[in-house]
Amino acid sequence: MVNRRLLGVCVGAMVLSAWGCGGTDSPTNPVDDPDNIDPRPGIDAGTDAGTDAGTDAGTDAGTDAGTDAGTDAGTDAGTDAGTDAGTDAGTDAGTVDPWPADPVTNYSDRYGIGRVQSVGVDLGKNIWVLDGDRIGVVSAGTQKLVWMPAPAGQAAGGQSSTVICGGAAGRAYVGYNAPDLQQDPEYPGIHTNFIVTAKPCEVPVNETTCFPFSARRLQYYTQGDVDAVKLDANGQVVFEDHINQSVRANTDANGNPIIQTGPRVVDGVSLGIRNSNDHHFDEDRAMLTCASVLRGANKGDVFFGTNHGVVRIRGLTYNAHRHPVWFDANGSQYAGYTYGLGISPDGDVLMANDWNFGTVTPSTKVENWDDTTTPGINQQKVKSSYLQGLNSQSEFDYWRGFQQTTDGTYYLGSKSLGLWRMTILSATNPYQNGTRIGADVGALDAINALASTNDGSLFVGTNAGGLYRLTPSKTLEKVANVRGNKVLQLVYDGSGTSPMLLVLTSEGLTVLRGH
């Protein structure tokens, strides 16, 4: 028997809905708001990231700490250690840094990487690259580029990849896109993200309708989500697992703490990433961005920003999800696409979606990530706020970066509204103060990425003007010798004695050292 922690169930609008749900401690009735249509594009590459509707932290239903056929109980979910499962190929985090010490190095030329769509670095300082259905790594041990011999996992099934992030030494995580889920004519009134899994029928929490089993709807779980890959003992890139084991802290009927896991596979279908509180809701489908934790208590963890919120992965387990939200006058809740994701110098997770932003000091236990109510767990310096002085709450800010510099200052970067310094008024305030930075520099109007470095700098990746640096003395300068005007991604590893900033542009990968 699993204790149900009901945080509300809700139904979102169709098409590009940005409607989210959850946030109370008692059941609420479903709400439908057909006028709440989000006109923004989806993923910047031109694909739609999917709807943002659903039972946010809601409907727990112990649905499952292991009920359903195909449940994979033995998977050792909840082991906080995030067991490395043999991913120690490559270097150890304490090994001498093998990479060029030059202030600027073109890695695309030096290591034959060429132009790729995403890069990442793991705790072993192996550099991972993603190019469509190809996954490669430049091992710190050999400094040779090795590609996986053939598409595997989601890529083998024709899924479209988005981003890659390094995890433990020798391991990386690849995110994939997924289409929007729409109303289903065969299931009038069903929540767009509710996936019918059990036989002969399923009754969602707080509802009365019995939904007959649907093998067709079950297939939606095969779309999007995250794969883990690793370096094997021979230095080859191999598929490790499709991330599908949820972990969540809960209590049993007697109030004793348990780890709620849920099934991994139902009727032969891997459930992938779905709500940790109720596996029937598939909300975090499109992986838009990711951030690796490369130092501190949670090193090795990876956070993915999705079409709905932020998912946390440790080892081969995950917890989904949490996000900043806002409510309109009718009480409808909104959660935008999370493209802006950062790790502060102190290890806080910085989340920025198209409307709001928030911060979390994450628990060291991955199973607590979605806990928004327990005092002392997942403290928030900013809960859910928008930026005063830029737009109203209902207008899109299109955040693409959220960072904190070593002096404690927060910065937000928008894809079309520039660079902003944020000052906190209070944690629970619905808005925080904002000041535009570099308004006279046209290149800073459109920002794709931000990175904070150990020396107190903020690096700003623009969409058409190359790389800029806001120095510790708060002066702006253009960074020379980085090829390419369109910065796609900034990845910072400040864990070593000579930190590395990976700058991925439309022309390839350049690495800056020493900041």
Side-chain angles (χ1 to χ4, degrees), residues 90-116 118-129 136-145 164-167 169-170 172 291-296 299 342-345 401 403-407 411 448-462 465-515:
T91 73
D92 184 277
T95 301
V96 175
D97 185 342
W99 300 111
D102 305 308
V104 182
T105 304
N106 186 316
Y107 275 44
S108 281
D109 289 349
R110 182 159 185 159
Y111 300 107
I113 293 171
R115 300 178 184 179
V116 293
S118 181
V119 298
V121 61
D122 67 30
L123 291 183
K125 298 195 180 299
N126 305 296
I127 296 175
W128 295 86
V129 295
V137 65
V138 184
S139 166
T142 65
Q143 296 187 41
K144 302 290 186 182
L145 174 63
I164 192 167
C165 266
S292 302
V293 183
L294 298 173
R295 52 186 170 179
K299 66 181 182 180
I343 308 297
S344 80
Q403 291 286 310
Q404 183 185 30
T405 49
T406 56
D407 63 0
Y411 295 91
N448 291 336
L450 298 177
S452 166
T453 57
N454 289 350
D455 68 352
S457 298
L458 178 76
F459 284 85
V460 183
T462 74
L467 183 67
Y468 280 76
R469 177 187 177 217
L470 184 66
T471 69
S473 61
K474 307 305 180 185
T475 59
L476 274 167
E477 61 183 29
K478 179 74 180 292
V479 179
N481 302 320
V482 173
R483 192 168 67 195
N485 288 327
K486 183 171 185 173
V487 178
L488 304 175
Q489 191 179 3
L490 297 175
V491 178
Y492 183 65
D493 179 4
S495 62
T497 55
S498 181
M500 302 174 68
L501 177 65
L502 283 66
V503 184
L504 182 65
T505 76
S506 53
E507 298 300 318
L509 176 62
T510 300
V511 175
L512 309 182
R513 302 298 306 257
H515 289 285

Run the salt bridge (Lys or Arg N to Asp or Glu O under 4.0 Å) test on R513 and D97 for me, step by step, so that the C-alpha distance in whole Å, both residues' side-chain angles and the decisive distance to 0.1 Å come before the verdict.
CA-CA 12 Å; R513 302 298 306 257; D97 185 342; 2.4 Å; yes

What is the minimum heavy-atom distance between S108 and L509, and which atoms define it?
OG-N, 2.7 Å

Testing the 3.5 Å rule here: is there a donor-acceptor pair between the side chains of S118 and Q489?
yes

Do V129 and L145 have side chains that approach each other closer than 4.5 Å (heavy atoms only, starting at C-beta)?
yes

Reference residue V503; test side chain to side chain contact (heavy atoms under 4.5 Å, CB included); the match among V119, L467, V104:
L467

N106 side chain to T510 main-chain N or O, any donor-acceptor pair under 3.5 Å?
no

With no hydrogens and no angle check, is any side-chain donor or acceptor of N448 less than 3.5 Å from a backbone partner on G461?
no

Exam field: side chain D122 to backbone G170, donor-acceptor pair closer than 3.5 Å:
yes

Which pair of heavy atoms, one from L123 and one from V293, lies closest together, and at what distance?
CD2-O, 4.0 Å

Would you list the pairs meeting salt bridge (Lys or Arg N to Asp or Glu O under 4.0 Å) in which at least one residue belongs to residues 450-461, sequence neighbours left out?
D455-R469

Can you tell me how the ring of W99 sits relative to the ring of Y107, calling it parallel under 30°, perpendicular over 60° and tilted otherwise?
tilted

Quick one: do D407 and K474 make a salt bridge, cutoff under 4.0 Å?
yes

Of all residues at least two apart in sequence or in a different chain, which pass the salt bridge (Lys or Arg N to Asp or Glu O under 4.0 Å) check with K478?
none

Would you check if I113 and V138 make a side-chain contact, meaning some heavy-atom pair closer than 4.5 Å?
yes

What are the two closest heavy atoms between S292 and V121, and how far apart are they?
OG-O, 4.1 Å

Tell me the closest heavy-atom pair linking N126 and G141, and the distance in Å.
OD1-N, 4.5 Å

Within a strict 4.5 Å, meaning less than it, do heavy atoms of the Y492 and S452 side chains meet?
no

Show your reasoning for whether side-chain contact (heavy atoms from CB on, under 4.5 Å) applies to V479 and L512.
CA-CA 10 Å; V479 179; L512 309 182; 4.2 Å; yes

The test is side-chain contact (heavy atoms from CB on, under 4.5 Å); show your working for L470 and Y411 and say whether it passes.
CA-CA 11 Å; L470 184 66; Y411 295 91; 3.6 Å; yes

side-chain contact (heavy atoms from CB on, under 4.5 Å) partners of K144, counting only residues at least two apart:
T142

Stepwise, does the side-chain contact (heavy atoms from CB on, under 4.5 Å) test hold for I164 with V116?
CA-CA 11 Å; I164 192 167; V116 293; over 6 Å; no

Regarding Q143 and Y111, is there a side-chain donor-to-acceptor distance under 3.5 Å anywhere?
yes

With a 6.0 Å cut-off on ring centres, are F459 and H515 close enough?
yes

Test salt bridge (Lys or Arg N to Asp or Glu O under 4.0 Å) applied to D109 - qualifying residues, sequence neighbours left out
R483

Check T105 against R110 and note the closest heavy-atom contact, atom names and distance.
CG2-CD, 3.9 Å

Spacing of CG belonging to L490 relative to CD belonging to Q403, to within rounding of 0.5 Å:
8.5 Å

Counting C-beta onward and ignoring hydrogens, is there a side-chain heavy-atom pair between K299 and L294 closer than 4.5 Å?
no

Please list, chain by chain and in numerical order, all residues satisfying side-chain contact (heavy atoms from CB on, under 4.5 Å) with S495, sequence neighbours excluded.
K125, R295, D493

How close do I343 and A291 get, heavy atom to heavy atom, and via which atoms?
CG1-CB, 4.1 Å

With sequence neighbours left out, which residue pairs that include part of residues 496-508 fulfil the side chain to side chain donor-acceptor pair (under 3.5 Å) condition?
R115-E507

Kindly compute the distance separating OG1 (T406) from CG (L458), expressed to the nearest 0.5 Å.
10.5 Å

Just so I know, are the side chains of L502 and I127 near enough to count as touching, which here means a heavy-atom distance under 4.5 Å?
yes

